[in-house]
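Single-structure report; data block below.
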Amino acid sequence: MRVLLIHSDYLKYQTKSKTRIAEQIEDDKKEGFFEDSLVVFTAVEQEDEENPQEIVENVITEVKDVLGKIGADNVVIYPYAHLSSSLSKPDVAKTVLQEMESRLQEEDIKVARVPFGWYKSFEVSCKGHPLSELSRTITAKPREEEKADKAEESKWYILDQGNLIDPDEFKFENEDLRKLVNYELGKGESSGEEPPHVKLMREKGLADYEPSADVGHLRWYPKGRLIRDLLADYVYLLVTKEGAMPVETPIMYDLADDAIRVHAEKFGERQYRMGHKNKELMLRYACCFGAFRVLSDSFLTWKNLPARVYELSTYSFRMEKKGEVVGLKRLRGFTMPDLHTVCRDLEQSLVEFDNQIDMCMQTGVDFQVNYEVIFRATQDFYDQYKEWMHASAAKIGKPVLLEILPERKHYWISKMDFAAIDYLGRPIENPTVQIDVESGERFGITYLEENEEEGYPIILHCSPTGSIERVICSLLEKTAIEMKEKPPMLPVWLTPTQVRILPIAERHMDYALDLARQIKDQNIRVDVDDRPETVGKKIRNAATEWVPYVVVIGDNEMEKRESQELTVNIRETKEKQVMDLETLVKTVQEETRDMPFRALPLPLQVSQRINF
RNA sequence: GCCUCGAUAGCUUAGUAGGUAGAGCGCGGGAUUCGUAAUCCCGAGGCCGCGGGUUCAAUUCCCGCUCGGGGCUCCA
């Protein structure tokens, strides 16, 4: 809250016309005249909404303090929006101003309040002594009692083949799970290094920080953009194969909508807000709002269910704390595949949940990334659906961490989170499935039951990969972990250059380009390093770009032009293999089978490229 | 957001006890036409992050800001 305190000889005002947010007033309030007043010009700000009571208390303390010093006869509270560029919602402001008035009355101070939301003319005469003009910023002190409600803590177990084991007693055979458990239970040891993916994302020309944007928003270079697009294609194919219907919805929502505001409030301070005239908008933090609005406006019957609606949120926005934002791991703007499944009842949602577990696990296989799993549920849900939970956990095929919450804190009653473990031993939370029991009713999503009664559905939230940025983060972190044992590389279907042709001298160039065109026609991303450099240097260069297949073309290959016999450097095995063109093409196609393809969006000739 | 550390060429960095700066990579030019992880020579490139203060003089010392790293807390 911002206040401007003026000790005045007199203040005179007259209402002129109403704004949309004007409060209802009696005629006698339409004008006013006060003498020897402390005029409190007041702007209630967005951040005050969190704890309006304390704001009122603090401003009253301040006003009383000033009043005591200057000895004015009375106080006039004057709503003055122009003191701040980030105003609260009008309703909150009105309440706060009214509270201020009644709190001062309680203290037997003569007080008047000028009407809110009117255009007014006014005249104020400032006394001009040293204390007659003061401005103050009023904030709510951080609430102390937050920690108190930790009384009810979660219980943690390792769930292994239907047995619940105390994490402290469990003998970990899996190092990643041990790291995850330590981290979740707050026992993580930290080494104070930068996660290696940050350097890699820049070095490989994928992405970089954008200092001209807000913190936590990235710029993506062509290679990074290519990988993002391939991942987007991948999830699209994955979910549509399972019957999901893609939609696209707005990225910002009006907080005047009650359902949206209540759902958003659960998100607390992490909302990314935008004020716009009298509208207060919030940037989406996931696709929930859009999906729910689509679903609540559709006519659903039990025959339609389960109904799956999918959207890739380019972008989602979360106002993460500044110190938390890092590389690809934690961003304020990110892209997340978001699948919402409307289920007839809990039983149906459990069947779908199981399908979605399979989907999440499949993404780990396709990305060649290991996930560890945290299964969470409320105590009630666990008691009732213990058998289902044990069976679903068993699908993972290894022990999982189990959290049992004493009671429901969020909209979900059970969720499963999949995490990759980064180079520093910390989890990167990726895929997730959640059972939402609140949003159906809150967003007015109904369906017609077989008996013609209307019901509220259970809704599953699922991101089968987690955010696209975090997928790339896990891939890069994995290469850093494995760097000692094998040459780092991305899965071939995701790597920008899949085959590089490397002519030795200029006389080999035409043949190299000819081969490249043939390979390109087979939907393989190929390029030609046509720079006038030594073979050694070009080999080294291809290695630093993690190119999985490198073909050197010299006199020997020219001689075998008929058979198109080539010597291929295979990165993964560090082998040199002689094979013909057809075999090379088949090898790459085999390795990228069933995965999406996009052409290389860069010049075929390396010499023509830009160094981003 | 808080605590803490940092910012020198496109990148990685050396350096100045206060007198405005060097190197490697990359880039441009030239020579070399080469068989598996850096060919040689030459050249350009710096408001030493931004703003203020101290000083005859600040990239260097002090303060503020911005951006970044690490920690705290939370998450996709």
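Everything quoted here is computed from the prediction, not taken from an experiment. Chain letters run A, B, ... following the sequence lines, proteins first, then strands; residues in each count from 1.
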Across every strand shown, the nucleotide meeting Watson-Crick or G-U wobble geometry with rG28(B) (both distances under 3.5 Å) is rC42(B)

In Watson-Crick or G-U wobble terms, with both distances under 3.5 Å, the base opposite rU60(B) is none

_Need one value for N611(A): base, sugar-phosphate or nothing, where a base atom within 4.0 Å counts as base even if backbone is also close, heavy atoms only._
sugar-phosphate

Side-chain atoms of T567(A) come closest, of rA76(B), rC67(B), rU36(B), to rU36(B)

**Prompt:** Are any side-chain N or O atoms of D338(A) and backbone N or O atoms of E311(A), one a donor and one an acceptor, separated by less than 3.5 Å?
**Reply:** no

Worksheet item: Using the P atom in both, what is the distance from rU4(B) to rC56(B), to the nearest Å?
Response: 33 Å

Applying the 3.5 Å cut-off to both distances, the Watson-Crick or G-U partner of rG18(B) turns out to be none

### Task
List the steps and the verdict of side chain to side chain donor-acceptor pair (under 3.5 Å) for E403(A) and Y157(A).
CA-CA 7 Å; E403(A) 177 184 11; Y157(A) 304 98; over 6 Å; no

Rounded to whole Å, the NZ-P distance (K322(A) to rG6(B)) equals 18 Å

Here the distance between atom C1' of rG10(B) and atom CD1 of I610(A), to the nearest Å, is 13 Å

Any strand, both distances under 3.5 Å, Watson-Crick or G-U wobble: rU12(B) pairs with rA23(B)

Across every strand shown, the nucleotide meeting Watson-Crick or G-U wobble geometry with rC75(B) (both distances under 3.5 Å) is none

In whole angstroms, the gap separating P of rA38(B) from CD of E545(A) amounts to 16 Å

query = Within the structure shown, what part of the strands sits under 4.0 Å from V198(A) by heavy-atom distance: base, sugar-phosphate, or nothing?
reply = nothing

For atom C1', what is the distance between rG10(B) and rG46(B), given to the nearest Å? 12 Å

In whole angstroms, the gap separating C1' of rC34(B) from CG of D529(A) amounts to 14 Å

Per side chain to side chain contact (heavy atoms under 4.5 Å, CB included), P427(A) is matched among Y183(A), Y371(A), F418(A) by Y183(A)

For K415(A), which contact category applies under a 4.0 Å heavy-atom criterion: base, sugar-phosphate, or nothing? sugar-phosphate

note: L180(A), atom CG; rC75(B), atom P; distance rounded to Å ~ 14 Å

Checklist line | Nearest-angstrom distance, P atom, rG52(B) to rU59(B) | finding: 12 Å

query: With sugar-phosphate meaning primed atoms plus P, OP1 and OP2, does E557(A) contact a base, only sugar-phosphate, or nothing at under 4.0 Å between heavy atoms?
result: base

If pairing means Watson-Crick or G-U wobble with both distances under 3.5 Å, then the partner of rU55(B) is none

Review point. Can you tell me if the side-chain N/O atoms of K329(A) get under 4.0 Å from OP1 or OP2 in rC75(B)?
Key: no

Testing rA38(B), rA76(B), rC75(B) for proximity to the side chain of R540(A), the answer is rA38(B)

Counting only side-chain nitrogens and oxygens, does Y209(A) get under 4.0 Å of the OP1 or OP2 atom of rU66(B)?
no

Discussion item. Taking atom CD as the centre, does E248(A) end up with more than 12 heavy-atom neighbours from other residues, nucleotides or ligands that are less than 6.0 angstrom away?
Written reply: no

**Prompt:** Looking at K538(A), does any N or O in its side chain come under 4.0 Å of the phosphate oxygens OP1/OP2 on rU39(B)?
**Reply:** no

Inset, instruction - Using a heavy-atom cut-off of under 4.0 Å over every strand shown, decide if P503(A) touches base, sugar-phosphate, or nothing. - result: nothing

Paired with H461(A), the ring pair (Phe, Tyr, Trp, His ring centres under 6.0 Å) test is passed by just one of F292(A), F353(A), W412(A), Y310(A), namely F292(A)

Margin query: What's the gap between rA9(B) and rA23(B) when it is taken at their C1' atoms, as a whole Å value?
Written below: 11 Å

| query | Within the structure shown, what part of the strands sits under 4.0 Å from G536(A) by heavy-atom distance: base, sugar-phosphate, or nothing? | reply | sugar-phosphate

Out of rC75(B), rG69(B), rA37(B), minimum distance to the side chain of E194(A) belongs to rG69(B)

What interatomic distance, in whole Å, is found between C1' of rG53(B) and the corresponding atom of rC72(B)?
-> 33 Å

Taking for N430(A) and for K321(A) the nucleotide of RNA chain B with the nearest heavy atom, the one nearer the 5' end belongs to K321(A)

Name the nucleic acid region contacted by D338(A), choosing base, sugar-phosphate or nothing; use a 4.0 angstrom heavy-atom cut-off, strictly under. nothing

- Taking OP1 and OP2 of rU39(B), is either one under 4.0 Å from a side-chain nitrogen or oxygen of T534(A)? yes

Q434(A) has its side chain closest, among rC75(B), rA76(B), rG70(B), to rA76(B)

Among rG35(B), rC67(B), rA76(B), the one nearest any side-chain atom of V552(A) is rG35(B)

Requested in this report: Would you sort out whether E477(A) and H197(A) count as a side chain to side chain donor-acceptor pair (under 3.5 Å), showing the intermediate values?
Outcome: CA-CA 5 Å; E477(A) 289 290 322; H197(A) 78 267; 2.8 Å; yes

* Considering only atom P, compute the distance from rU13(B) to rC75(B) and round it to an integer number of Å. => 35 Å

Of the candidates rG35(B), rA37(B), rU33(B), the side chain of I539(A) sits closest to rA37(B)

Ring centroids only, cut at 6.0 angstrom: are F317(A) and F334(A) within range, meaning strictly under it?
no

Atom CG of D422(A) and atom P of rG69(B) are separated, to the nearest Å, by 14 Å

- Message: Need one value for L331(A): base, sugar-phosphate or nothing, where a base atom within 4.0 Å counts as base even if backbone is also close, heavy atoms only.
- Response: base

| message | For the aromatic rings, using the six-membered ring if either is Trp, is the centroid distance between H263(A) and F443(A) under 6.0 Å? | response | yes

*Touch class at under 4.0 angstrom, heavy-atom based, for V550(A) against every strand present*: nothing

With C1' as the reference atom in both, quote the distance from rC50(B) to rG68(B) in angstrom, rounded to an integer. 15 Å

I'd like to know if the side chain of T363(A) reaches the main chain of P464(A), judged simply by a donor and an acceptor atom lying under 3.5 Å from each other, with no hydrogens or angles considered.
yes

- [ ] Could you tell me whether the side chain of E320(A) has a donor or acceptor atom within less than 3.5 Å of a complementary atom in the base of rA76(B)?
- [x] yes

Checking rC75(B), rA76(B), rG70(B) against the side chain of S467(A) (C-beta onward), the nearest is rA76(B)

Can you say whether a donor on the side chain of R470(A) sits under 3.5 Å from an acceptor on the base of rC75(B), or the other way round? yes

From the candidates rG35(B), rU33(B), rC75(B), the one with an atom nearest any side-chain atom of R318(A) is rC75(B)

- Task: Taking atom C1' in both rG28(B) and rA37(B), compute the distance separating them and give it to the nearest angstrom.
- Result: 25 Å

Whole-Å distance, Y511(A) OH to rG35(B) P, equals 19 Å

Review point. Does a side-chain N or O from K537(A) land closer than 4.0 Å to OP1 or OP2 of rG26(B), or not?
Key: yes

Of the candidates rG35(B), rU33(B), rC75(B), the side chain of R507(A) sits closest to rU33(B)

Taking OP1 and OP2 of rG71(B), is either one under 4.0 Å from a side-chain nitrogen or oxygen of R426(A)?
yes

* Check whether any side-chain N or O of R525(A) sits under 3.5 Å from a backbone N or O of P496(A) as a donor-acceptor pair, and report yes or no. => yes

Judged by nearest nucleotide, the residue sitting upstream toward the 5' end of RNA chain B, P487(A) or E210(A), is P487(A)

